[in-house]
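In what follows, chains carry the letters A, B, and so on, assigned in the order in which the sequence lines appear, proteins first and then strands, with residues in each chain numbered from 1.
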Amino acid sequence: MFNGKEFTTIRRSAIAAMLLALSSYSLLGYMAIFSHQAVADPEADRQAMRTFYQKRFPDVAPEAHKDGVYAFDENAREQWLELEDFPPYEIAIDEGQELFATPLADGGNYSDCFGDGAVKNRFPYFDEQQGEVITLELAINTCRDQHGDQPLPYNGAEITRLTAYIAFQSRGQTIAVAVANEGALAAYNDGKRFYASRRGQLNFACTSCHVQLAGNRLRAEYLSASLGHVSHWPAYRLKWQDVGSLHQRFARCIKQVGAEPFPPQSKEYRNLEYFLTYISNGLPLNGPSIRK
Amino acid sequence: MKILNIFPITVPLLAVLLLAACTDQSQEQSQEQSNEQSAAEDPALLAREALDQAQAQYDASRQAGHVWARTPVLLKSATEALAAGDFSGAISAADQATRLADASLTQAQAEQTAWLHRFPKMP
């Protein structure tokens, strides 16, 4: 029917057509996956994370992750509970309470902005007018500014004591962050990207330890789940011998992987906090706390 | 007619100008070559060049939000070595800083899409 030359030509054309069809199919498939992942759906992310950790820690209820590694490391939990009998962060709460009531430059005080201080579950939120994520620390400095006072340094003791008091007043509130508009979604996605991006000379992402390796040991320590990472701050770290902020903890993590940390309250960290807080929606606030 | 009258003067004049320009250009070229040669041999200039390159790569990695902690430390060492007249030390530290900044930029480039695959997905 066909001579050898015609047969070769037909065979080549058929192979080319098959290859083209296959590559188009792969490309379409890749585009579908990519577009699905690129368009952030915060609630789908949160549910996926909860499901993932439920499988990883079948004996731990999602809400129990508010206690970090103490949710699944029995020995550490016992030590922690003993420390909680006389918590080392108590002094910070007392000092924070005093600062909270201290008059600012115009005679007003923080209660003009934060009532009785039980406001932690309102933060962080995305401010559409300012086009950025507002954290509790940022709001404290805005309050000071409104009362004619100088802003506090974000890595200083005074602001951490104030947030310790506010966290204490807010204990038991449920985390309920909203991602309600395009700007908020962009900030959420930015925080999500930061959390999953490898950085530093050790080439680690936050997800390397707290998603992929969560529940495993890194030297003597268990790696905690991302759920509940924001619920208990500020925290007294035994390593610091002081109460420190969530952003100080971010900076330590970034430094540990060999990257240069960002300043506290930088846009990068605020968006990261926003993402992590959304992921922890539904968990109770239980700060201040104690961590190693 | 007038053109014909000035022709005998114009031609030699243009020739002289052309010759002068060529001589000047060749002098400039040889001056540049000599400068380049002296730069290639001057360790201070080489160190300065290495430091500038390291600084530029560091700035790029900062812009990308992927600075590695060791890079600014090496940049500082290179700057201090240059100020102290330790040119080989400055070049060595600056080259290391450049290599680290290059690697961090490669990381930043790779992470533009790689991060998407690091989250659990709903089954």
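A salt bridge is absent between E273(A) and R270(A): the closest approach of a Lys/Arg side-chain nitrogen to an acidic carboxylate oxygen does not fall below 4.0 angstrom. For the pair E268(A) and R193(A), the salt-bridge criterion is not met [side-chain N within less than 4.0 Å of a carboxylate O]. With respect to R70(B) and E260(A), no salt bridge is recorded, no charged nitrogen being found less than 4.0 Å from a carboxylate O.
Side-chain atoms of S245(A) come within 3.5 Å of backbone atoms of Q248(A) as a donor-acceptor pair (strictly under, hydrogens ignored).
A cation-pi contact links R237(A) to W240(A), judged by a cut-off of 6.0 Å to the six-membered ring centre and 45° from its axis.
The ring of F262(A) has its center no closer than 6.0 angstrom to the ring center of H247(A). Aromatic ring centroids of F250(A) and Y154(A) lie 6.0 Å or more apart.
For residues 206-230 of chain A, the interface with chain B (any heavy-atom pair closer than 4.5 Å) comprises T207(A), V211(A), Q212(A), sorted by residue number.
Listed options A110(B), A108(B), G65(B) were ranked by heavy-atom pairs under 4.5 angstrom with chain A; first place goes to G65(B).
Looking at F194(A), neither its backbone nor its side chain comes within 4.5 Å of chain B, counting heavy atoms on both sides. When heavy atoms are compared at a cutoff of 4.5 Å, D45(A) does not approach chain B at all.
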